[in-house]
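Letters A, B, ... mirror the listed sequences (proteins, then strands); counts begin at 1.
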2 protein chains.
Amino acid sequence: MAQIQTLSKNQKIILDIIEKAKEPLKAYSILFNVQKKGIKAPLQVYRALEKLIKLGKIHKVESKNAFVACKSSNCEVSKATAFSICEICEKVTEIANNKLSNFLNSFEDKSGMKYKKYNLEFFGLCKKCKKT
Amino acid sequence: MAQIQTLSKNQKIILDIIEKAKEPLKAYSILFNVQKKGIKAPLQVYRALEKLIKLGKIHKVESKNAFVACKSSNCEVSKATAFSICEICEKVTEIANNKLSNFLNSFEDKSGMKYKKYNLEFFGLCKKCKKT
DNA sequence: TAACAAACGTTATATTATAACAATATGATA
DNA sequence: TATCATATTGTTATAATATAACGTTTGTTA
């Protein structure tokens, strides 16, 4: 709540819409939704999105060019994201799993590269769609 | 080599360019490169890319909207990809690491979802850029 | 209050990707 | 080989996603 005060007007409006959505939202669908609130141009949306991502409030689902609110930690800057995506109904869920995040956060290979950040997207069939 | 014969003319041309490139290529830069070979429209490129991805010959690096040749297995359909991406020089490397792939291929969470496929992108600083 | 950084609004444009349609080539098999 | 199904091609147009460049406003803090 303290942190949310530091968000600007546009940032609040856009975060609010994303938090209320049940699925990832695309930038232009956000734009459409906020036009009644005076946000008229794509750039205004993209700028807010960029800031919200930096703050860890939202994540981008890269394979879908869409944005979801972060549900795991409230005010932390997010460096690591994992999603599960159903290939039929397209439902996207953020995965909060310690075993997974511990493994990936401590992952090292022989390249000598130090990884600070990752994005993982799993694809498969969700419970519902598996039955069909 | 046997497999490559089943590729169509456009598919071969485009795979060839991607294989020779040292970094991931964007669709429109591929288009520019193949115009002398008679491929004139974006769709011709995107169609070939789509097929090559299905065959596992190339992968899409989602965070960069760019395409790289698969270096790990030669003729397998690829369901699982992992890349390391340097945040400074933007170098992209496909990660071939059994520990990682075993872990991810067998990953299950409580959602009841069965994962057939994943895409992982690590971000950090490569050896060279770390020194700077 | 002066000075700086962050956010804003606006127009224009760049970049990435697909729809829709007709024609042609290719491979399997009767 | 004739024929059928399928994949691929070529083409035009357009949709969808994202950023550049400019000047203004607001907020912070020295």
* Name the orientation class of the two ring planes belonging to A:Phe103 and B:Phe103 (parallel below 30°, tilted from 30 to 60°, perpendicular beyond 60°). => parallel

* Phosphate oxygens OP1/OP2 of D:dA7: is one of them under 4.0 Å from a side-chain N or O of B:Ser8? -> no

* **Phosphate OP1/OP2 of D:dA7 contacted by B:Lys51 side-chain N/O (<4.0 Å)** => no

* Asked: Between C:dA7 atom C1' and A:Ile13 atom CD1, what is the distance in whole Å?
  -> 13 Å

* Structure fact -> A:Ile53 atom CD1 is separated from D:dT17 atom P, nearest whole Å, by 15 Å

* Asked: OP1, OP2 of D:dT9 versus side-chain N and O of B:Gln44: anything below 4.0 Å?
  -> no

* Is a salt bridge present between B:Lys64 and B:Glu90, judged by a nitrogen-to-oxygen distance below 4.0 Å? -> yes

* Structure fact -> 5' to 3', nucleotides 11-23 of chain C under a 4.0 Å protein heavy-atom cut-off (B base, S sugar-phosphate only, - none) gives B----BBBBB---

* Asked: Reading nucleotides 24-29 of chain D from the 5' end, what letters show protein touch, with B for base, S for backbone sugar-phosphate only, - for no heavy atom under 4.0 Å?
  -> ------

* Asked: Can we say A:Glu87 and B:Lys117 salt-bridge, meaning some charged N sits less than 4.0 Å from an Asp/Glu carboxylate O?
  -> yes

* Could you tell me whether A:Gln35 atom CD has more than 12 heavy atoms of other residues or ligands within 6.0 Å of it? => yes

* Any A:Lys9 side-chain nitrogen or oxygen under 4.0 Å from OP1 or OP2 of C:dG9 -> yes

* Structure fact -> Rounded to whole Å, CG of A:Leu25 lies from P of D:dT17 at a distance of 12 Å

* Asked: Are B:Phe107 and A:Phe122 near enough that their ring centres are under 6.0 Å apart?
  -> yes

* Structure fact -> A:Lys37 atom NZ is separated from C:dG9 atom C1', nearest whole Å, by 19 Å

* Structure fact -> Quick note, salt bridge (Lys or Arg N to Asp or Glu O under 4.0 Å) partners involving residues 20-29 of chain A, not counting sequence neighbours, are A:Asp16-A:Lys20

* Asked: Just to confirm, is there a sub-4.0 Å distance from OP1 or OP2 of D:dA7 to any side-chain nitrogen or oxygen of B:Asn10?
  -> no

